[in-house]
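Remember, predicted model here, so these are calculated numbers, not experimental data. Computed over heavy atoms, backbone and side chain alike; hydrogens, waters and symmetry mates excluded. Convention: sequence-line order gives letters A, B, ...; per-chain numbering from 1.
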Amino acid sequence: MSRFALVDCNNFYVSCERMFNPSLEGRPVVVLSNNDGCAVARSNEAKALGIGMGAPVFTLAETLRRHNVACFSSNYALYGDMSRRVILTLGELVPDLEVYSIDESFLDLSSFREKDVPGLCGTIVTTVKRNTGIPVSVGVGPTKTLSKVAAGMAKKHPCLGGVCDVTDERWRERALAATPVGKVWGVGRRFEKFLKMRGIDTALDLARADRVMVKKRMGINGTRLLDELSGISCYPLETNPPAQKGVGVSRTFAAGIDDRRALCEALSTYAERAAEKLRTEELRAGLMEVSAMSNRFQRDTFYYNTAVVRFPAPTSDASEMIKGALSAFDGIYRENVPFKKLGIHLRELSPESEQQLLLFDAVDRDRSASLMKALDAVNTAMGKRTLGYASSGLSEPKAWRTRFNHKSPSYTTCWDDILRVF
DNA sequence: TCTGGGGTCCTAGGACCC
DNA sequence: TCTGGGGTCCTAGGACCC
């Protein structure tokens, strides 16, 4: 029988902040989204105050002040590096690993003897904590979905020591009965509402629900979900993740912007960034979609539009991307609309190695490739945006700049920010 | 005043073809 | 008077994940 483990970092972003700032232990801590807009990670103390996932900061002002909650802007450099360290540690402990997200990895434990599993899981918890400072929960079960349920149990009940195994039928039933249906992997807000209306409140109810009804409303993933909850594995471990399908860069502005020049600067910056992402993945894009919207919370005046550009040949050249983005934006820009968010999405990605040559190409591909190589080399060696395009704006400060008013130092990725011990 | 970003997959419906 | 069926491809929208 298959056996999976899910290793889930506890309150990951908060744990990263605490690792370099131990005075945060025991204090309520939240980490905010871009623009310091929403709470996207909360310490247990913050959760206990009723601060919900994704809660807008302006609705929390009173709670944050009254309970002296520590707030941090997202520090992606720090979290990305800490995630890498956790994954490295896991890789030393188990052979088969699927990195599922920045703070979760699935492990295939099928090759381990049953009696060795508890010891291994305990070792994972202590080793990751010792090597990285990050506390993790480990859930074990015969399917990925059940290992997620188990990890939820491990997190909720500290008495379990961070590990919960639901391989055994009786434990599985208890865990499923204690898991609200909305917490099940694959059940989002809509499906939760639908299921609850039919009296399906827990994961156990769902496991026993009518298959036809679930198939009809939730599609093929619904029946897979029922199988997974019953111990029939539908999702194997993906050790070699499939190629990425798209690349996106989008940002919300702190306030609405109608100045065309500023908007073009922002869009140009996103195009540069998107092209850079492509190049690090050694990919090229055949198509770009530019999107622009006003404040989506003002429904009566809401404006949203997209425009698509097809490149003559797949490309990752920044200047081609910028030109494409700005010309597409021409078609969707509206005067006097306060734009709140612009974005660029690249699709139809293909590996650099599979490049098709055009018979009549307006772009000198060799020249472009060496220019991008030089650009990336400078920015890697000397810091992001040391070298960039004038169309992305030269003057500071920029009205469209994302707000990060509470950012901690990049302790592990920036020499100037390295922790000093006196 | 203030409410993120980056992804994936599935499905239904229309266009088109034979 | 009377007007099929099946397959493929594409896209938009909706659902989900962290």
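Residue contacts shown for A:Gly54 are absent, as no nucleic acid heavy atom lies under 4.0 Å away. When heavy atoms are screened at a 4.0 angstrom cut-off, A:Asp36 is found touching no nucleic acid atom at all. Using a 4.0 Å heavy-atom cutoff across all strands shown, A:Val99 reaches no nucleic acid atom at all.
Across A:Phe4, A:Tyr235, A:Trp185, a single residue satisfies ring-ring contact (aromatic ring centres under 6.0 Å, His included) together with A:Phe106, and that is A:Trp185.
Between the CD atom of A:Gln298 and the C1' atom of B:dT1 there is a distance of 11 Å, given to the nearest Å. The CE-P distance, from A:Met218 to C:dC17, rounds to 9 Å in whole Å. Counting to the nearest Å, the P atom of C:dC17 and the OH atom of A:Tyr235 are 11 Å from each other. Rounded to whole Å, the distance from CG on A:Leu32 to C1' on B:dG4 is 11 Å. When rounded to the nearest whole Å, the span between CG of A:Asn295 and C1' of B:dT3 equals 8 Å. Atom CD in A:Glu192 sits roughly 14 Å away from atom P in C:dA15 (whole-Å rounding). Counting to the nearest Å, the P atom of C:dC17 and the CG atom of A:Asp103 are 14 Å from each other. Here the P atom of nucleotide B:dT8 and the CD atom of A:Glu104 are 17 Å apart, to the nearest Å.
A heavy-atom distance below 4.5 Å is not found between the side chains of A:Leu225 and A:Val214.
Using a cutoff of 4.0 Å between basic side-chain nitrogens and carboxylate oxygens, A:Arg260 and A:Asp330 are scored as salt-bridged. A salt bridge links A:Lys155 with A:Asp8: the closest approach of a Lys/Arg side-chain nitrogen to an acidic carboxylate oxygen falls below 4.0 angstrom. Ion pairing between A:Arg284 and A:Glu354 fails under the 4.0 Å rule for side-chain N and carboxylate O.
Not a single donor-acceptor pair under 3.5 Å links the side chain of A:Glu98 to the backbone N or O of A:Tyr100.
Comparing C:dA15, B:dG7, B:dG5 against the side chain of A:Gln244 picks out B:dG7 as the nearest. Of all nucleotides listed (B:dC10, B:dG5, B:dG4), B:dG4 comes nearest to the side chain of A:Phe297. Closest approach to the A:Asn34 side chain among B:dG5, B:dT11, B:dG7 is made by B:dG5 (side chain taken as heavy atoms from C-beta onward).
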Polar-atom pairs under 3.5 Å, protein N or O versus N or O of nucleotides 12-14 of chain B: list them with distances, or write none.
none

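Phosphate proximity of B:dC10 to A:Arg224: present, with a side-chain N or O under 4.0 Å from OP1 or OP2. For B:dT3, the OP1/OP2 oxygens have a side-chain nitrogen or oxygen of A:Lys340 closer than 4.0 Å. The phosphate of B:dG5 (OP1 or OP2) has no side-chain N or O of A:Ser74 nearer than 4.0 angstrom. In this model, the phosphate group of B:dG6 is not approached by any side-chain N or O of A:Lys245 to a distance below 4.0 Å at OP1 or OP2. Between A:Arg403 and B:dG4 there is no side-chain N or O to OP1 or OP2 distance below 4.0 Å. Between C:dC17 and A:Lys148, no contact under 4.0 Å exists linking OP1 or OP2 to a side-chain N or O.
Other residues, nucleotides and ligands contribute more than 12 heavy atoms inside 6.0 Å of the NZ atom of A:Lys398.
No cation-pi contact links A:Arg217 to A:Phe191, judged by a cut-off of 6.0 Å to the six-membered ring centre and 45° from its axis.
A side-chain donor from one of A:Ser392 and A:Glu272 sits under 3.5 Å from a side-chain acceptor of the other.
Ring geometry for A:Tyr76 versus A:Tyr13: interplanar angle over 60°, hence perpendicular rather than tilted (30 to 60°).
Aromatic stacking is not marked for A:Tyr100 over C:dC18, as the cut-offs of 5.5 Å for the centres and 30° for the planes do not both hold.
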Strand DNA chain C in bracket notation, Watson-Crick/G-U under 3.5 Å with | for pairs to another chain: ....||||||||||||||
